[in-house]
Amino acid sequence: MKKLNITIQLEMSVPDDWELSKTSEGGQVLKLPNGQFMDIAIEPLFANDPEDTWTSTGDDDVLNDVLDMIESEDVTYQFVTH
């Protein structure tokens with residue numbers, strides 16, 4: 001088996017009342033004003049043709065098989081002020 005590294009970087013405009021929050025394991029998540037927390041992570045998308053519409057799998061076993069291949073995950077959140 002070979003290794004695949006994937007780096008995810010997003011730039012988003014979000015409401016001013018969103019906050020960063022640390023988990024008990026030291027990771028970061030977003031705290032939303034309605035009392036919910038949000039984490040943005042990978043979810044594999046599939047298509048029969050790369051020009052078709054991509055969708056998530058409806059099969060939990062396929063999703064779990066892909067997620068089980070992930071050995072580590074590092075997502076960093078940072079608010080940028082201009």
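Just so it is clear, the model here is predicted, and its values are computed rather than measured.
- The environment of CG in Asn64 is crowded: more than 12 heavy-atom neighbours from other residues, nucleotides or ligands sit within 6.0 Å.
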(Q) Ile40 vs Met12, test: side-chain contact (heavy atoms from CB on, under 4.5 Å). Steps then yes/no. (A) CA-CA 12 Å; Ile40 299 175; Met12 301 171 63; 3.8 Å; yes

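- Taking CG of Leu32 as the start and CH2 of Trp18 as the end, the distance is 5.5 Å to the nearest 0.5 Å.
- Atom CG of Asn34 has more than 12 heavy atoms from other residues, nucleotides or ligands within 6.0 Å.
- Taking 4.5 Å as the limit, every side-chain heavy atom of Val75 sits out of range of all side-chain heavy atoms of Gln28.
- Around atom CG of Asn5, no more than 12 heavy atoms belonging to other residues, nucleotides or ligands sit under 6.0 Å away.
- To the nearest 0.5 angstrom, Asp74 atom CG is 9.0 Å from Thr7 atom OG1.
- Taking CD1 from Ile8 and CD from Glu73, the interatomic distance works out to 7.5 Å, rounded to the nearest 0.5 Å.
- In this structure, Leu30 CG and Tyr77 OH are separated by 5.0 Å, a value rounded to the nearest 0.5 Å.
- The two residues Glu43 and Leu63 have their closest heavy-atom pair at CG-CD1, 4.4 Å.
- Met69 and Phe46 fall into different hydrophobic clusters, defined by Ile, Leu, Val, Met, Phe, Trp and Tyr side-chain heavy atoms under 4.5 Å apart, directly or through other members.
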Q: Would you check, one step at a time, whether the test side-chain contact (heavy atoms from CB on, under 4.5 Å) holds for Phe37 with Thr23?
A: CA-CA 10 Å; Phe37 294 86; Thr23 67; over 6 Å; no

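- Between atom OG1 of residue Thr53 and atom CG of residue Leu45 there is a gap of 11.0 Å, rounded to the nearest 0.5 Å.
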